[in-house]
Amino acid sequence: MSEEIKYKLTDEPDAEDPTLPADPKLKKERKLTRAEKRAIDAKGRLSSPWASGIAIILALLWTIPTFGLFLTSFRPANDIRQSGWWTWFISPSVTLDNYEETMFGSSTDLSTFFLNSFVVTIPAVIIPITLALLAAYAFAWIEFPGRNILFVAVFALQVVPIQVTLVPLLTQYVNWGLAGTFWTVWLSHSIFALPLAIFLLHNFMKEIPASLIEAARVDGAGHVKIFFRVLLPLLVPAIASFGIFQFLWVWNDLLVSLTFAGGNKDVAPLTVRVAELSGTLGARWHLLSAGAFVSMIVPMVVFLALQRFFVRGLLAGSVKG
């Protein structure tokens, strides 16, 4: 007798059917929940050859311009003017003069702006994460009047366009005497990042079992000890996820940096200087390609090295079950 496995769609968890024979060899009928059925269907779609082929094509299309920029940045200036980067495979020639002149040349001097980018980015990541952790804990585990309404209001701030806030913020910074300093860029990036940071960290915290919090309270722990001893170790994936996202956003930002620090060489980051070079050095492609690759190499390394934390942190707390 051939054994046949039948799948039944049900909302209930797996259970034995009393109508089946007692022989375990014949008890092959298994009931699937709707969640399991959707997971099987999704896995089948993702593992199909068509999906894999499309993913490979998209990856190649996304990588080819970056690879071309990389080769161009190492080619001599005369070769860049005479032929495209794909001809490098026919007559390869490599030089480091482009990077040396870009980083330390008198007309470019990207080394100062490269350091400025780190000075701008690191505090602009730490400040919103610190404030968002405290706010997310309050929204998730502290009862106070109007908590839900305030959380919705904070979440709704994500729809406010950055462009409409630039002039009021710049006016306020001038009144405070902060114009032309790192504080204007730090505060602006922190303000723009807080709604999303609070939302992501709040959702992650709400997925932590309440029994852990209650057990800590029974042991006499207050909010400070619960936050640092119980929750913070569990929040590492979410913190790393948003930290990577914020780092990439701030490092690659041009609008905010150009508005609040564009006129000060001691404050302006790398993206502002590269944008200026595209106008003043429009015909010197060997310097522009090297400068552009210098500006993108750091976020590429950060994302490729920490992408597993990025994906895990974004998925954590997004669904239940």
Side-chain angles (χ1 to χ4, degrees), residues 117-158 160 178 181-251 253 256 298-299 301-321:
S117 291
F118 280 102
V119 176
V120 167
T121 303
I122 294 176
V125 173
I126 295 176
I127 293 173
I129 287 179
T130 303
L131 297 178
L133 281 171
L134 300 176
Y137 176 81
F139 283 124
W141 299 108
I142 298 178
E143 294 285 347
F144 59 89
R147 181 180 65 170
N148 294 333
I149 297 176
L150 184 59
F151 178 74
V152 171
V154 171
F155 175 72
L157 290 175
Q158 295 184 70
V160 178
L178 298 177
T181 65
F182 284 112
W183 280 104
T184 58
V185 188
W186 293 340
L187 293 176
S188 300
H189 279 301
S190 299
I191 292 171
F192 300 146
L194 274 175
L196 178 61
I198 294 173
F199 175 73
L200 291 177
L201 294 175
H202 169 269
N203 287 354
F204 193 93
M205 286 189 185
K206 290 297 290 184
E207 291 300 315
I208 296 176
S211 58
L212 293 177
I213 309 299
E214 295 299 330
R217 288 174 179 169
V218 170
D219 292 338
H223 289 299
V224 175
K225 185 172 290 187
I226 291 174
F227 178 79
F228 285 101
R229 296 288 184 86
V230 179
L231 294 181
L232 197 58
L234 301 176
L235 293 174
V236 172
I239 295 173
S241 172
F242 180 77
I244 297 168
F245 180 84
Q246 180 69 357
F247 185 94
L248 299 178
W249 169 262
V250 177
W251 183 277
D253 169 72
V256 175
V298 172
V301 171
V302 170
F303 181 77
L304 293 177
L306 303 176
Q307 61 177 332
R308 60 190 182 95
F309 295 103
F310 183 77
V311 175
R312 184 176 18 161
L314 287 182
L315 292 179
S318 60
V319 294
K320 295 183 177 181

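Starting from 1, each residue takes its place in the sequence as its number.
- Listed by chain and residue number, nothing satisfies the side-chain hydrogen bond (donor to acceptor under 3.5 Å, both in side chains) test with Ser117 (two or more places apart in sequence, or in another chain).
- For Val236, there are no side-chain contact (heavy atoms from CB on, under 4.5 Å) partners two or more places apart in sequence or in a different chain.
- Here the CZ-CG distance, from Phe245 to Leu200, works out to 8.5 Å after rounding to the nearest 0.5 Å.
- Within the structure, no pair that satisfies the salt bridge (Lys or Arg N to Asp or Glu O under 4.0 Å) test touches residues 185-195, not counting sequence neighbours.
- Between Phe182 and Trp186, the ring planes are parallel. Angles under 30° get that label, and only those over 60° would be called perpendicular.
- The shortest heavy-atom contact between Leu235 and Phe204 is CD2-CD2, 3.2 Å.
- Going from atom CD1 of Ile126 over to atom OG of Ser190 covers 10.0 Å, rounded to the nearest 0.5 Å.
- Between the CG atom of Leu234 and the CD atom of Glu207 there is a distance of 12.5 Å, given to the nearest 0.5 Å.
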Going through the checks in order, is the side-chain contact (heavy atoms from CB on, under 4.5 Å) test met by Trp251 and Val302? CA-CA 11 Å; Trp251 183 277; Val302 170; over 6 Å; no
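- Residues that satisfy the side-chain contact (heavy atoms from CB on, under 4.5 Å) test with Ala132, not counting sequence neighbours, are Leu194, Ala197, Ile198, Leu201.
- Scored by the side-chain contact (heavy atoms from CB on, under 4.5 Å) test, Val250 finds Val120, Thr121, Ala124, His189, Gln246 as partners (sequence neighbours excluded).
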Using a 3.5 Å cut-off and no angle test, enumerate the donor-acceptor pairs between side-chain atoms of residues 147-155 and protein atoms at least two apart in sequence or in another chain.
{"unit_1": "Arg147", "atom_1": "NH1", "unit_2": "Phe139", "atom_2": "O", "d": "3.3"}
{"unit_1": "Arg147", "atom_1": "NH1", "unit_2": "Ile142", "atom_2": "O", "d": "3.3"}
{"unit_1": "Arg147", "atom_1": "NH2", "unit_2": "Glu143", "atom_2": "OE2", "d": "3.4"}

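- When the shell of 6.0 Å around CH2 of Trp183 is examined, it contains 12 or fewer heavy atoms from other residues, nucleotides or ligands.
- Between the side chain of Thr184 and the main chain of Thr181, a donor-acceptor pair closer than 3.5 Å is present.
- Here the closest heavy-atom approach between residue Ala136 and residue His202 is recorded as CB-N, 3.6 Å.
- Every side-chain contact (heavy atoms from CB on, under 4.5 Å) that Ile129 has, sequence neighbours left out, goes to Val125, Leu133, Ile239, Phe242.
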Expected list for residues 223-232: side-chain donor-acceptor pairs under 3.5 angstrom, two or more places apart:
{"unit_1": "His223", "atom_1": "ND1", "unit_2": "Tyr137", "atom_2": "OH", "d": "2.8"}

